[in-house]
Structure formats: structure tokens, C-alpha cells
Amino acid sequence: MKHTIQKLRERKKEQKKFSVVAAYDATFTETLNQAGIEAILVGDSLGMVVQGQNSTVPVTMEHMIYHTEAVVRSNLCCDEQAVIIADMPFMSFDSVENTLQNAARLMRAGANMVKLEGGDWLAESVAKLAERGIPVCAHIGLTPQSVNKLGGYKVQGRTENQRQQLLDDATALDQAGADFLVLECIPTPLAKEITQATEFSTVGIGAGNGTDAQVLVCYDMLGLSNSPAKFVKNFLAESGGAHTPSILNAFAAYKQAVESGQYPAAEHEYS
Ligand code: KIV
């Protein structure tokens, strides 16, 4: 049975959480599908974890199309096909017209949904994409493409002004017709507030356990990051139980921990 955006959105009412993993190639896509992961994000984080860049800014549309095609080819051979979300890279959505053209390129590469970083200023583009049948995952909080403006990879939404702005951003993007919203590195109570105030499915990363879903980068959750963020858990380290640890078991353990609400735990949260 294929996973669909519609079925994942329905889970909000059922309070059944789903899991997303950022991955960029055919082999991980196959293993994630075997573990039952519901959605795969071809994230522009590939700039850092695959290409060795020090931010996501250098990633281009050509890079995103290449990796989206690799993931989609593998996904189509799986029984339970994950929903494929493709990231729109830095400056590929700087105007409504460019957003539509570049989103169309990612959809032609086989993505089921595109993701864009930014707040209420994106509402018009999101509405146009939705109108033209392109599902959207919005992304607020820590938006890595803006790292130079933000002055580093810092927790967002800690002041009252920032809290209100993120709440307004989420409301505007929800009303514009986005289907999912990534909430990155924000305090847990704010992520809960946004999740309760909106219709779309919120996907947290460093946003506590009150969101409708979680996302992690595949290499991070396998313990391959030298300086993991506070919210990262190494699922490979404890994936074995009575069995031999394996990457497949690690992905399955992540899915199970998200569904049961065990991940993220208090130690992974920002207050
Ligand atoms: O690019 C990416 O992988 C992301 C996730 C970390 C949310 O945007």
C-alpha cells in the first residue's frame, strides 16, 4: 500500500505520528522503505553531508534534481512507497514565477511534494503551487538557507516577538494551502502551540514531541555526525536489542520511537 500525503494528513486527527528521514540515494531509500518510513525528504542538507560544503547555500537545482531522481527510481521499486519530498534550494523560490518553474522541475523528477524555507512572505507562492496541484511542505524556525542572516545555527522562537512571528507565519502558510510544515529548532511549547493552532501536519526537528511527525537526517541518526545537535539520537547504537545492530533495525527503531512518543525525549528538547 502506497503512502500518500492525504493519508498522512489524516493521521493528525487520529493522533498517530509519522516518520520522515532525509536521504539522498537509492540504497538508503530501499532500506527506509523496508523499515516502513512514511516519507523521505531529499533535503538540501545533502550540500553538507554528501558534498562537504559548510552550509546548504551552494546547493543548486541540478543537484536537487539528480538526487531526487535517484531516490524516486528506488522508491518506485518498493512495495510501500514513501512520499518523496524534494527541497527547493537557496534562491530557487525568490519570485512566484521562479517558484512555479523550479517546483515543476522537481515534480517532473518524480517528487510528490516540494519544500520551501520561509515564513508568511511565501504565502502567495504556496497558494499558487497548491492551486496548480503541487503539494507543499513549508519550513520555519531555524531555516539553514538563512544561516548568514541568522548568524549561525541557533534555536529560534525564544523571544515573545519571535514566538508571535512564527505563529503568524505558520497560520499564513496553513491558510495558503501548505500540507506539511517543518518546525526546526524551536522550543517545545511553541511547536505544540503551532501544531494545535493549524490544520496541516507539523514535522519537528529539534522541536520536541508535540508535533504530528518527526524528521532526522539519515547519517545523523546512524551516529555518523562528529558534532551532533542536541536533538539527534543515535538509533544505530541501540538498534540491536536481541539482534545484531543494523541500519534497517535503526530505521525501524526510529519509526517505533516516534510512533510511541518515546523520541524525542526531554534530553532532545529546547525549552
Ligand atoms: O535539508 C534537510 O535535510 C532539512 C531537514 C533537516 C528538515 O531541511
Side-chain angles (χ1 to χ4, degrees), residues 2-18 20 38-44 61 64 68 72 82-143 145-146 156-157 164-184 186 190-205 207 210-215:
K2 267 171 70 164
H3 295 289
T4 65
I5 295 161
Q6 292 69 24
K7 282 190 240 163
L8 294 181
R9 282 197 65 168
E10 279 164 23
R11 294 219 199 160
K12 184 163 183 136
K13 284 181 228 111
E14 301 157 13
Q15 298 197 322
K16 187 174 177 206
K17 292 174 192 275
F18 62 90
V20 186
E38 290 92 343
I40 296 174
L41 167 65
V42 188
D44 65 351
M61 275 301 297
M64 292 311 305
T68 301
V72 166
V83 168
I84 305 299
I85 310 167
D87 235 339
M88 298 198 64
F90 179 66
M91 290 300 278
S92 65
F93 48 98
D94 60 329
S95 65
V96 175
E97 188 50 35
N98 284 345
T99 308
L100 291 174
Q101 294 308 320
N102 285 320
R105 293 179 71 195
L106 291 169
M107 297 301 282
R108 284 192 199 104
N112 305 118
M113 173 181 244
V114 296
K115 177 167 90 57
L116 312 85
E117 294 182 9
D120 53 5
W121 60 273
L122 275 176
E124 190 188 350
S125 295
V126 171
K128 287 275 190 293
L129 288 168
E131 235 172 61
R132 281 153 180 78
I134 300 183
V136 177
C137 176
H139 181 161
I140 62 172
L142 171 55
T143 45
Q145 290 171 14
S146 307
Q156 304 295 307
Q164 192 55 56
Q165 182 60 54
L166 288 172
L167 205 48
D168 293 347
D169 288 339
T171 308
L173 294 162
D174 193 29
Q175 286 172 358
D179 293 280
F180 294 173
L181 173 71
V182 168
L183 293 171
E184 181 162 354
I186 63 169
L190 175 56
K192 277 190 187 151
E193 194 179 355
I194 291 174
T195 300
Q196 282 161 11
T198 51
E199 300 273 315
F200 49 23
S201 302
T202 57
V203 183
I205 174 162
T211 53
D212 301 310
Q214 295 290 328
V215 59

Check [X] against [Y] and note the closest heavy-atom contact, atom names and distance.
X: D94; Y: T99; result: N-OG1, 4.5 Å
X: A103; Y: M88; result: N-CE, 3.6 Å
X: I85; Y: V114; result: CG2-C, 4.3 Å
X: I140; Y: G118; result: CG2-O, 3.3 Å
X: Q214; Y: T211; result: NE2-OG1, 3.1 Å
X: G157; Y: L166; result: CA-CD1, 3.7 Å

Donor-acceptor pair, [X] side chain versus [Y] backbone, under 3.5 Å?
X: D169; Y: G119; result: no
X: D212; Y: T202; result: yes
X: N102; Y: S92; result: yes
X: Q156; Y: T143; result: no
X: K12; Y: T198; result: yes

Answer yes or no: are there more than 12 heavy-atom neighbours, outside [X] itself, under 6.0 Å from its atom [atom1]?
X: E124; atom1: CD; result: no
X: K7; atom1: NZ; result: yes
X: E199; atom1: CD; result: no

Say you draw a straight line from [atom1] of [X] to [atom2] of [Y]; how long is it, rounded to the nearest 0.5 Å?
X: T68; Y: R105; atom1: OG1; atom2: CZ; answer: 11.0 Å
X: L173; Y: Q175; atom1: CG; atom2: CD; answer: 10.0 Å
X: K16; Y: L8; atom1: NZ; atom2: CG; answer: 10.0 Å
X: I5; Y: N112; atom1: CD1; atom2: CG; answer: 5.5 Å
X: I205; Y: L142; atom1: CD1; atom2: CG; answer: 9.0 Å
X: L41; Y: I84; atom1: CG; atom2: CD1; answer: 9.5 Å

Check the side chains of Q6 and E10 for a donor-acceptor pair under 3.5 angstrom, ignoring hydrogens and angles.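 Q6 and E10 do not have a side-chain donor-acceptor pair below 3.5 Å.
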Criterion side chain to side chain contact (heavy atoms under 4.5 Å, CB included) on D120 and Q165, from CA distance to verdict: CA-CA 9 Å; D120 53 5; Q165 182 60 54; 3.5 Å; yes
Steps toward side chain to side chain contact (heavy atoms under 4.5 Å, CB included) verdict (D87, V42): CA-CA 6 Å; D87 235 339; V42 188; over 6 Å; no
Could you walk me through whether H139 and V203 satisfy the side chain to side chain contact (heavy atoms under 4.5 Å, CB included) test, starting with their C-alpha distance in whole Å, then the side-chain angles of each, then the deciding distance to 0.1 Å, before giving a yes or no? CA-CA 9 Å; H139 181 161; V203 183; over 6 Å; no
Suppose we screen for side-chain contact (heavy atoms from CB on, under 4.5 Å). Which residues come up paired with Q196, at least two apart in sequence or across chains?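 Partners of Q196 under the side-chain contact (heavy atoms from CB on, under 4.5 Å) test: none.
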Quick one: sort the F18 and F180 rings into parallel, tilted or perpendicular, breaks at 30° and 60°.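 Tilted: the ring planes of F18 and F180 meet at 30° to 60°.
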Could I get the full list of salt bridge (Lys or Arg N to Asp or Glu O under 4.0 Å) partners for R11, not counting sequence neighbours?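 Listed in chain order: E38.
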